[in-house]
Amino acid sequence: QLQLQESGPGVVRPSETLSLTCTISGDSVNRRNYNWAWIRQPPGKGLEWIGSIVYSGGTFYNPSLRSRVTISVDTSRSQLSLKLTSVTAADTAVYFCARDQNGGSCPDWGQGTLVTVSS
Amino acid sequence: QSALTQPPSASGSPGQSVTISCTGTSSDVGGYNYVSWYQQLPGKAPKLLIYDVTKRPSGVPDRFSGSKSGNSASLTVSGLQAEDEADYYCSSYVGANNAHVIFGGGTKLTVL
């Protein structure tokens, strides 16, 4: 059973960089058919796809966030990471990591972590 | 890229069927068979109900079914049960130069 757990600071100051880690257990993060994604949800609002990384290392980002987002995988640590630069209050959200089996279908999710952008 | 269009709310009585629509464009829903549906209970992570338009992951009841026609996809919940009350989201792959995924705005399903 694949398990994902997000971690990182709960509060980030405006204009700084949001950095989150997703620790993956129960299976190998390096399996050839596994892709990984970050998705967020502002309080009381809908889901927003941030981006994904495929097993070959290629990345796909939401065009509205592309200039500020970096997603990477550390296979030696079985960790997925997210970096979002120059954050504002609009980036306040619950951030989820997930396994993307194909085309945006995610059967496995972390529980999510709330990040608040505030000074 | 705008979000996919879903009705903000839907409702039905126990035992009835409800259909939730998800409208996009030829660049997303209409162009690819990569439409997914998720159920989200309050305070929980989304749960995958349908993928590749019509496929159900193991463990998802066959009361949940998906379809697509043109630029619109639909989720049908048959034999409504109280525990089906939740938020439902569709998503679609968006192809071309800047490939990514977009979600619908979500539909709150109320079981009367």
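Both backbone and side-chain heavy atoms feed into the values below; hydrogens, waters and symmetry mates do not. Residue numbers start from 1 in every chain, and the chains themselves are labelled A, B, ... in the order their sequence lines are given, proteins ahead of strands. Computed from a predicted structure; not experimentally measured.
Residue A/Ile50: no heavy atom, backbone or side chain, is found under 4.5 Å from chain B. Looking at B/Tyr32, neither its backbone nor its side chain comes within 4.5 Å of chain A, counting heavy atoms on both sides. In this structure, chain B has a heavy atom under 4.5 Å from the backbone of A/Glu48, while its side chain stays farther away. Using a 4.5 Å cut-off between heavy atoms, A/Tyr61 touches chain B through its backbone atoms (N, CA, C, O) alone.
Ranked by heavy-atom pairs under 4.5 Å with chain A, the first of B/Tyr93, B/Tyr51, B/Tyr89 is B/Tyr89. Between chain A and the options B/Leu49, B/Leu48, B/Asn33, heavy-atom pairs under 4.5 Å are most frequent for B/Leu48. Highest contact tally toward chain A, considering only B/Ser91, B/Pro46, B/Pro57, is held by B/Pro46 [criterion: heavy-atom pairs under 4.5 Å].
Side chains of A/Ser81 and A/Ser72: a donor on one and an acceptor on the other come within 3.5 Å. B/Tyr34 and B/Asp52 are not linked by any side-chain donor-acceptor pair at a separation below 3.5 angstrom, with hydrogens and angles left out of the test. A side-chain N or O of B/Gln6 and one of B/Thr107 form a donor-acceptor pair less than 3.5 Å apart. For the residue pair B/Thr23 and B/Ser72, a side-chain donor N or O sits within less than 3.5 Å of a side-chain acceptor on the partner.
Grouping the Ile, Leu, Val, Met, Phe, Trp and Tyr side chains by contacts below 4.5 angstrom, directly or via other members, places A/Leu80 apart from A/Val54.
Within the 4.5 Å cutoff, the side chain of B/Leu109 has heavy atoms near those of the B/Leu80 side chain.
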